[in-house]
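Below is one structure, written out as C-alpha cells; comments come after it.
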Amino acid sequence: MTNSAYITTPIYYVNDKPHIGHAYTTTLCDVWARAMRFAGRDVFFLTGTDEHGVKVEKSAMARGISPQQLADENSAEFRRVLALFGLSNDHFIRTTDPDHKRQVQAFIKRLLEKGHIYLGTFEGWYDEGQEEYHTETRAKELDYKSPISGRPLTRAKEDNYYFRLSAFQAQLEKLFAERPDFVRPEGRRNEVLGRLRDGLQDVPVTRTNFTWGIPMPDAPGHVIYVWIDALLNYITALGLADEKSPRAKYWPATYHVVGKEILWFHAVIWPAMLMALDLKLPECVYAHSFWISEGQKMSKTLGNFIDLPTIERYHATYSLDAWRWYMITQGPLEATDADFSAKHFHEMYTAELVNTFANCASRTSAMIGKYFEGALPADGGGEVTNRNWSAICHEHVRQTILHYERFELRQAAMTALALVREVDAFINETQPFKLAKDPANVQTLGTILYRCSEALRIASCLLWPIMPSKVEEFWRCYGVTCNPTKDRLADLATWGHLKPGTRIEKCALFMRVEAPAATPTKG
RNA sequence: GCCGAUGUAGCUCAGCUGGUUUAGAGCGCUGGAUUCAUAACCCGGAGGUCGGCGGUUCGAGUCCGCCCAUCGGCACCA
C-alpha cells in the first residue's frame with residue numbers, strides 16, 4: 001500500500017439544491033479522509049461542483065441570467081453548505097475552472113488520436129419542445145408523442161462523437177473477475193456484472209443541442225457531454241493531463257464514493273475511459289444507497305428531501321457531531337436504503353452518545369474531581385480484575401483502524417464505542433465509588449481511575465474522525481494534547497500517554513435532549 | 001416486462017460451508033438493584049410457528065422447488 005491516498009465525492013450538480021444526500025456522501029469521505037490522515041497517510045480529499053449541461057442552461061435562461069452566473073451562485077452555495085458540515089476537503093473543483101476545461105479537451109484529443117472516439121450518426125425520436133431524445137421503448141410507451149406538449153415526436157438525426165465503450169467489454173470483464181472489490185458493496189457489483197453481461201454499446205461524448213459546456217476540439221457546434229466532462233474531474237483535479245503535476249502522486253484513487261444512481265458511469269464507463277487513456281484504475285468504486293425519510297421515499301416530485309433547514313435544526317438541537325454520528329452509524333452504506341427518522345435519531349443519540357460516551361467521560365472525570373481534587377492519579381500497577389488494558393486497547397485500535405481503511409465506517413464507530421463500554425464495565429466491576437469510602441484504598445482507587453481515563457483517551461482518538469469537535473472538547477477536559485493532522489493515531493493509541501497530575505475537568509459532552517414530538521420533520 | 005435480492009423478537013439486524021444446547025445482539029418496553037455519573041451504568045423479564053407450503057436428510061432459519069410479500073437495478077436524481 002502506498003502512503004498517499006485519494007478519495008473523491010461525485011461533483012454535485014449546480015442545478016440541484018443541497019440536501020441530505022450531498023451531506024451524507026461528503027461526510028463519509030470526510031470521516032475516511034480524517035481517519036487516514038490520522039493514521040499517517042498523505043490524503044487528498046476532493047469534492048466540487050458539476051456545472052455544465054442543458055439543465056443549467058435552461059434554468060439560467062428561465063431566470064434571465066447567464067449559465068456562468070447561475071453556476072457561480074450555486075457553486076458558492078454548495079461551498080457554503082459543505083462548510084457547515086465541518087468538512088476537510090483539500091480541494092474544491094469546478095467544471096468551469098479553466099484548468100479543468102483545458103485538460104478535458106486535452107484528454108478528449110488524446111482519445112480521438114488513439115481512435116477511441118469516432119464521429120457517428122445518432123438517429124432517434126426527438127421531442128422538439130423538450131429538446132431531448134427518447135429511446136425506442138420509451139417513445140413507444142409515449143405513443144410517439146411528447147409527454148409535455150402532446151405533439152408528435154419527430155425522427156431526427158445528428159452527428160455525434162462516440163466513445164468506443166464496446167471495445168472494452170473483455171477488459172472490463174477481466175477487471176471484474178480479477179478484482180472482486182473493485183465495486184462495493186457486493187450487491188452493487190452483481191448488478192453491474194448483470195448489466196455487463198447484456199453487452200456494451202458505444203456512448204455519445206458530445207452533444208449538439210446545447211452550448212453550455214466544454215467545446216469539442218476542432219468540431220464547431222459540438223459540446224462535450226456533461227458526463228464525460230464530469231468524470232474527468234477526478235484526474236483534472238490532479239493535473240494528470242500535464243507533464244508534471246505535484247498532485248499526480250495521488251492517482252489512482254483509493255475510493256470513488258458515489259450514490260447508487262451513478263454507479264454505472266463510475267463502474268463501467270469511467271474505467272473504460274481510463275483504460276483508453278492508459279491510466280491506472282481506481283482501487284474501489286463504493287456505491288452507497290439512499291436515505292429515505294420517516295419510511296417514505298425521498299423524491300424530487302414529492303419534494304420531501306431532508307433539506308438544509310431540516311438538517312440545520314438537527315445541528316442546533318443535537319450538535320453537528322451527533323449528526324455526523326448518525327450519518328455514519330445509521331446511514332445506507334450497504335446495498336439497502338436506510339430510514340432517517342427523528343425518533344430513531346433521538347434514541348441513538350441518547351443511547352450511544354449521551355448514555356455511553358458522554359456519561360462515561362462524565363463519571364470518570366467526576367470521580368477524579370471528587371476523590372483526587374481534579375488531579376489525575378497515578379497507575380499504582382498490579383492487577384485489577386484481571387483486565388489487561390494495554391492489550392484490550394491495542395486490539396480495539398487495530399480493528400478500528402482496519403475498519404476505517406476498508407470503509408467499514410459503521411463498524412469502526414462501533415468498535416471505538418465498544419472500548420468506552422469496556423470502561424463502563426470496568427467501573428461496574430471495580431466499584432471505585434465504594435473503594436473511595438476507605439482511605440486505605442487510595443492507591444487502587446487511583447489505579448482504576450487512571451486506567452479509565454487512559455482507555456477513554458484512546459477511545460476518543462478512535463472517535464475523532466467521526467466527531468472531531470466533541471472529541472477535541474473531551475481532550476480539553478482531560479488535558480490531552482493531540483494534533484490529529486500531525487500525530488500518528490497508532491502512536492497516540494498506545495497505553496500510558498496521560499501524565500499523572502494532569503488537571504481533569506468535569507466533562508459534559510452531549511447534553512440530554514427532550515424526545516421529539518410525534519411528527520417532527522416538517523417545519 | 002427483464003435481471004437481482006430480501007423476508008428471524010415492537011424496531012434495526014447477527015446467524016459462514018445443515019447436527020453446542022430450551023434461536024442470538026443492540027435499541028425500545030417492563031421489574032429490580034445501585035449512586036461515581038447527564039433518572040445515566042448494572043442485573044432480570046416479557047416477546048419470535050426463524051414469510052407460507054412441499055421436498056432432500058437420521059436431522060434445516062441454515063440445502064432444493066413452488067407460492068406470497070417487500071425492495072432494488074434496467075431513465076434524471078447523493
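Fair warning: this is a prediction, and the values are worked out from it, not measured in the lab.
Salt bridge A/K17/A/D307: absent, no basic N to carboxylate O contact under 4.0 Å. With salt bridges taken as basic N to acidic carboxylate O contacts below 4.0 Å, one links A/R63 and A/E73.
Set against B/rA40, B/rA78, B/rA37, the side chain of A/H288 has B/rA78 as its closest nucleotide. Listed candidates were B/rG73, B/rC76, B/rC41. Nearest to the side chain of A/E191 is B/rG73. Side chain of A/D424, nearest nucleotide from B/rA78, B/rG72, B/rC41: B/rC41.
A 3.5 Å limit on both hydrogen-bonding distances identifies no Watson-Crick or G-U partner for B/rC36. Within the shown strands, B/rU30 is the pairing partner of B/rG44 under the Watson-Crick or G-U definition, both distances less than 3.5 Å. Across all strands shown, B/rA5 pairs with B/rU70; the Watson-Crick or G-U wobble distances both stay below 3.5 Å.
Residue A/G259 is in sugar-phosphate contact alone, with no base atom involved, counting any heavy-atom pair closer than 4.0 Å across all strands shown. At the heavy-atom level, A/F290 lies under 4.0 Å from base atoms of the strands shown. As judged by a 4.0 angstrom heavy-atom cut-off over every strand, A/M414 is placed among residues making no nucleic acid contact. Backbone-only engagement by A/R195 is indicated by non-hydrogen atom pairs under 4.0 Å involving sugar-phosphate atoms exclusively. Among the heavy atoms of the strands, none lies under 4.0 Å from A/K434. Residue contacts shown for A/R197 are absent, as no nucleic acid heavy atom lies under 4.0 Å away.
Within the structure, a side-chain polar atom (N or O) of A/K506 is placed less than 4.0 Å from OP1 or OP2 of B/rU38.
Between A/Y318 and A/F345, the distance separating the two ring centers is shorter than 6.0 angstrom.
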